[in-house]
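Before any comments, here is the structure.
Order of listing sets the numbers, starting from 1, for every ligand and every atom in it.
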Amino acid sequence: MKEKISELIKNNPVRVFGLVYPYLLVIGILIGLYYISNLDQLARQKVPVVLPDTTKVEDLPIVAGKIIPAINVTEISQVSQTLIDKGRSLYSTNCSSCHGENGAGTGPASVGLNPAPRNFTKLEGWKNGAKLTQIYQTLQEGIQGSGMIAYEFLAPEEKFALAHYVRTFVPDPPMDTPDELTAIDQMYNLSAGQEVPSQIPVSVSEQIIAKEYESAFIKLTNIRNKILAERNNEGAKIFEKISINKIKTLSLLNNSSDTWKRSKDKLVNVLVSNFDNKVLSSSLFSLSDNDWNVLFNYLSSLF
Ligand code: HEC
């Protein structure tokens, strides 16, 4: 048998290939199938490590301007029925789902939270603490790594009302020292109030500016067409004579219309002081007083 095979290879290699071919085919198909079934895996391994795209600049978010009213911290640190009532109503809409109506930290949304919502009816385990200023801080900043988010969007007065209400659950709640009250006042500018200016993304402001340019351009083109249509008007003739780049001349006039529209002399002033031989012709300097009057009246009618 051994000899037969070696003889066969020697004498008739093509026939050997013919015999082996089906096996090669099957092996090839199997490798192919294996490859396809693992395509997901293989493709995933080829995915390059995702690097942060440093070329992408995050734009500013839209922020509506608002005024954070000033509060008197000493006054608001005194518990009152009004504050408690306000706090109770805020608590039941914002907090009771986790902390429970009874403050024991077992509200319906507390299930599965780790760490669990604070049980206000005990003094153990508080991270920031149960003083008024400490609860204020918890509401302002939230507690990192927990379900306790920041409620900084609530007005300062609302945060104090909530803090007062939360403290009604706490047995013998600790009191703030005057220094601590002063510190929180300074930290969050409470007695000064604060004005938060509106903010729009840069991309939006660019669009607005582009729109403004666009409308200025349309305005100038319209004026230009009007001047062309009124070619026989004396004023239009003078304009054609003194202007080389018509749109730039009109743009100059448009941008300084507040100044030159006041008088003929101001118009002379604006055009002479902005003289640029690519925009204006030097024939400007040989206009008679009457020409200037005509030009002034004509341009005033256009802008
Ligand atoms: C989504 C659930 C959830 C809601 C809603 C929620 N909290 Fe909490 N809160 C928690 C959790 C969880 C903790 C515990 C955090 C920890 O131990 O790290 C916590 C802790 C606290 C603490 C204790 C901070 C400390 O010093 O340890 C206070 C005070 C508090 N919450 C007040 C409030 C108030 C007031 C509201 C409503 C405006 C509110 N929470 C809404 C989940 C919630």
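For an aromatic pair to be called close, the ring centres must be under 6.0 Å apart, and Y136 with F160 satisfies this. Aromatic ring centres of F169 and Y91 lie closer together than 6.0 Å. In summary, the aromatic rings of Y21 and Y23 are positioned with their centroids too far apart to meet the 6.0 Å limit.
Under the salt bridge (Lys or Arg N to Asp or Glu O under 4.0 Å) criterion, the residue pairs touching residues 120-132 are K131-E180, with sequence neighbours excluded.
Residue contacts with ligand 1 for L139 involve side-chain atoms from C-beta outward but no N, CA, C or O (heavy atoms, distance under 4.0 Å).
Annotation: atom 26 (O) of ligand 1 to nearest protein heavy atom, N128 N, 2.6 Å. Scanning the protein for heavy atoms near atom 12 (C) of ligand 1, the closest one is P115 O, 3.3 Å. Counting only heavy atoms of the protein, atom 14 (C) of ligand 1 lies nearest to A116 O, 3.4 Å. When only non-hydrogen protein atoms are considered, atom 18 (O) of ligand 1 lies nearest to K127 NZ, 2.6 Å.
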Exercise. Can D176 and I184 be said to form a side-chain contact (heavy atoms from CB on, under 4.5 Å), step by step?
Worked result: CA-CA 10 Å; D176 289 279; I184 197 115; over 6 Å; no
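Protein N/O/S atoms closer than 2.8 Å to atom 8 (Fe) of ligand 1, listed by chain and residue number, are H99 NE2, M148 SD.
Side-chain atoms of Q78 do not come within 3.5 Å of backbone N or O of E75 as any donor-acceptor pair. A donor-acceptor pair under 3.5 Å links the side-chain atoms of Q134 to the main chain of N128, judged by distance alone. At distances below 3.5 Å, not a single donor-acceptor pair connects side-chain atoms of K246 with backbone N or O atoms of T221.
Contact atoms of ligand 1 toward L162: 38 (C) (distance under 4.0 Å to a heavy atom of the residue).
Heavy atoms of G129 approach ligand 1 to within less than 4.0 angstrom.
Residue nearest to atom 29 (C) of ligand 1, selected from F120, Y91, Y151: F120 (by heavy-atom distance).
Looking only at side-chain heavy atoms (C-beta outward), K266 and F296 stay at 4.5 Å or farther from each other.
Taking CD1 from I218 and CD1 from I223, the interatomic distance works out to 12.5 Å, rounded to the nearest 0.5 Å.
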